There are 2 protein chains.
Amino acid sequence: MDLDLRKLRYFVAVAERRNFGRAAEQLYIAQPVLSRQIRAFEQELGCTLLVRTTRSVELTAAGKQLYEEAQGILAAVATAVRRVHDADRGVQRLTVAFSPGLHVSDVIRAFTSRHPDVETDVVPTRWWEQDAPLRDGRAQVGYLRRPFDDAGLRTISIGHEPRVACMPAAHPLAGRDELTSADVAGERLLDTPTRRTSSLEEKFELIASGHGIGLVPLSIARSYSRPDLVHLPVTDAPEIETCLAVLADRREKLLRDFLEIATATLRH
Amino acid sequence: MDLDLRKLRYFVAVAERRNFGRAAEQLYIAQPVLSRQIRAFEQELGCTLLVRTTRSVELTAAGKQLYEEAQGILAAVATAVRRVHDADRGVQRLTVAFSPGLHVSDVIRAFTSRHPDVETDVVPTRWWEQDAPLRDGRAQVGYLRRPFDDAGLRTISIGHEPRVACMPAAHPLAGRDELTSADVAGERLLDTPTRRTSSLEEKFELIASGHGIGLVPLSIARSYSRPDLVHLPVTDAPEIETCLAVLADRREKLLRDFLEIATATLRH
DNA sequence: CGAGATCCATGCCGTCAGGGTATCAATGAC
DNA sequence: GTCATTGATACCCTGACGGCATGGATCTCG
């Protein structure tokens, strides 16, 4: 829970050198200090990180895991500090999250041409937690595909796309040219994405293995075409919605500008 | 640089409450302590985070930025601790990075059916730094599309895909049915992805605006089709390669198993 | 096999960061 | 003008972190 970054850095040094003395030297502290700190760290975490003999130091499974996690944490801290300094110098920054298959470059370009001083960045989301980057502060605005967890989010619909029904090639309906929602009403639909059952790809996996049929946006169906699946237009299905989303309590001018530019850009 | 997580938590508490007294109460420390800690934190960072009057506390731009960054950092720390405990209890874990447009579910499924005890996860990469998740420990194996920075990586080619030439609809060659590499030899090619100039989308942007033509994998071309771009097969172009990549010094059995299953799964 | 080298752990000590209490100063409410 | 609220300052104490000296274990080498 309460993890100390200093001790984490110490651990990383030992993990990389596999030698307390050299690590201590590199850290500009005395070796006994390092021994104690690492031991204290292990006690705080409640598990052994290193197997020491007088001749060797090896990582336990927990130690290996921690070493991997440490990379990301320390990198995140470093970029955080840099960005805070940037912000202090007046640099503005906007990060846009986008879900698989969505295109954001038009809007990013329009936005940066209007705000050349603002640092922009994009970050891909995972299909089953599209809202995560917005909620944990990695992004301030998202291009997301419904449905997603929109509690606490303000959303603006920015486009529709036909849904197509996706089913195994061997499915009774697969021979048809097009379907109506009445046709698919009797079928088992795979719609709600959950962590375990469906990344986007796994959704197609489930469909291919006969667990049901899916209604997916046309562009996604096109890019994920597989020989064992067929896609059929559903003539009267409600179109699928693409949204802009921001945290509901955000009111910054920069965000308003982005939303305005984004919605304006869309009507070509 | 050397950021203290305790102080970061303190800052978050104040940022959320916008009140030192309440924040201190929530943190179970005395209010004067909190005042001093925050001030020390500001001095360490070298910039002001909060504007205090006796009646109100407001965030500066730097403070807002830090608050956003803090969310991600503290979340990352929490999951790191959880994963270390899991690893200590013997839970194994494998995270697969995949570049836009690649499909990993077949292999993930095959792998999890062989190793039901192993926690698997996938993480999308950004087009212009496909190797990043491998290098910072967020993933142990990647499904990447060449070219990427493979220094220190071990790669296994797992597939080829035809390249198609992508150019503006107004381009002289756009009327042709297909091209040879001789046709594109005289053209300005946009190939190396760099941070500023090209996310995948921005690459198409550049192409559309006449900065050159691109050679892209067929499946990508299909999913990113736009009215102002045309895609033409290049009959004799070398096919584009999809790779598995792992850090060169990784030799874990789990990784070897994954690579084996992955290569076996691919030859259907 | 014994001497020396190497390496991590332990004991003991000093310093300073972090936490507590008491109190002041500034501001807004009435 | 009085009082409540809130952040800052002053002063003290405890304990974590660092240093040094040294012990104990193991490997190497003659």
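Note that the coordinates shown come from a computational prediction; the quantities given were computed from them, not determined experimentally. Numbered from 1 within each chain, the chains take letters A, B, ... in sequence-line order. No hydrogens, no waters, no symmetry mates; every other heavy atom, side chains included, goes into these values.
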Nearest heavy-atom neighbours spanning A:G142 and A:L134: N-CD2, 3.8 Å

All N/O pairs under 3.5 Å across the protein-nucleotides 13-17 of chain D interface:
| residue | atom | partner | partner atom | Å |
| --- | --- | --- | --- | --- |
| D:dC17 | OP1 | A:K7 | NZ | 3.1 |

State whether the number of non-hydrogen atoms from other residues, nucleotides or ligands found under 6.0 Å of B:R114 atom CZ is greater than 12. no

All heavy atoms of B:R18 vs all of B:A15, minimum pair found to be NH1-O, 3.1 Å

Less than 4.0 angstrom between a side-chain N/O of A:R52 and OP1 or OP2 of C:dA9, yes or no? yes

To the nearest angstrom, how far is B:F41 atom CZ from C:dA17 atom P? 16 Å

Could you tell me whether A:K7 and A:E44 have a side-chain N and a carboxylate O separated by less than 4.0 Å? yes

Could you give the CD-to-C1' distance, from A:E25 to C:dT6, as a whole number of Å? 14 Å

Would you check if there is a donor-acceptor pair between the side chains of B:E68 and A:Q140 at a distance under 3.5 Å? yes

All N/O pairs under 3.5 Å across the protein-nucleotides 22-24 of chain C interface:
none

Spacing of B:E58 atom CD relative to D:dG7 atom P, expressed in whole Å: 12 Å

Shortest non-hydrogen contact from B:R145 toward B:T242: NH1-OG1, 3.7 Å

Under 4.0 Å between a Lys/Arg side-chain N and an Asp/Glu carboxylate O for B:E129 and B:R138? no

In whole angstroms, the gap separating P of C:dG18 from CG of B:L8 amounts to 14 Å

Taking atom C1' of C:dG20 as reference, at what distance in whole Å does atom CD1 of B:I29 sit? 11 Å

Atom CG of B:L27 and atom P of C:dG20 are separated, to the nearest Å, by 10 Å

Side-chain N,O (B:S35) to OP1/OP2 (D:dA8) below 4.0 Å: yes

Give the angle between the helix axes at the two ends of the helix from C:dC1-D:dG30 to C:dC30-D:dG1, taking five base pairs at each end and rounding to 10°. 20°

Measuring to OP1 and OP2 of D:dT5, would you say a side-chain N or O of B:N19 lies under 4.0 angstrom away? no

Is a donor from one side chain sitting under 3.5 angstrom from an acceptor on the other, for B:R93 and A:Q65? no

For the student: nearest non-hydrogen atoms of B:G63 and B:F11, plus distance: O-CZ, 3.4 Å

Ionic contact status for B:R82 with B:E119, cut-off 4.0 Å: no

Integer-rounded Å distance: C:dC7 P and A:F20 CZ: 13 Å

Write down the distance between CD1 (A:I38) and P (C:dC7), rounded to a whole number of angstrom. 17 Å

May I ask you to say what B:A30 touches in the nucleic acid, namely base, sugar-phosphate or nothing, with a heavy-atom cut-off under 4.0 Å? base

Closer than 4.0 Å, any side-chain N/O of A:R22 to the OP1 or OP2 of C:dC7? yes

With a cut-off of 6.0 Å (strictly less than), are more than 12 heavy atoms of other residues, nucleotides or ligands near CZ of B:R22? no

Would you indicate what B:S56 reaches in the nucleic acid, counting non-hydrogen atoms under 4.0 angstrom: base, sugar-phosphate, or nothing? nothing

Looking at A:L49, is its backbone amide N or carbonyl O close enough to the side chain of A:E42 to form a donor-acceptor pair, meaning the two atoms are under 3.5 Å apart? yes

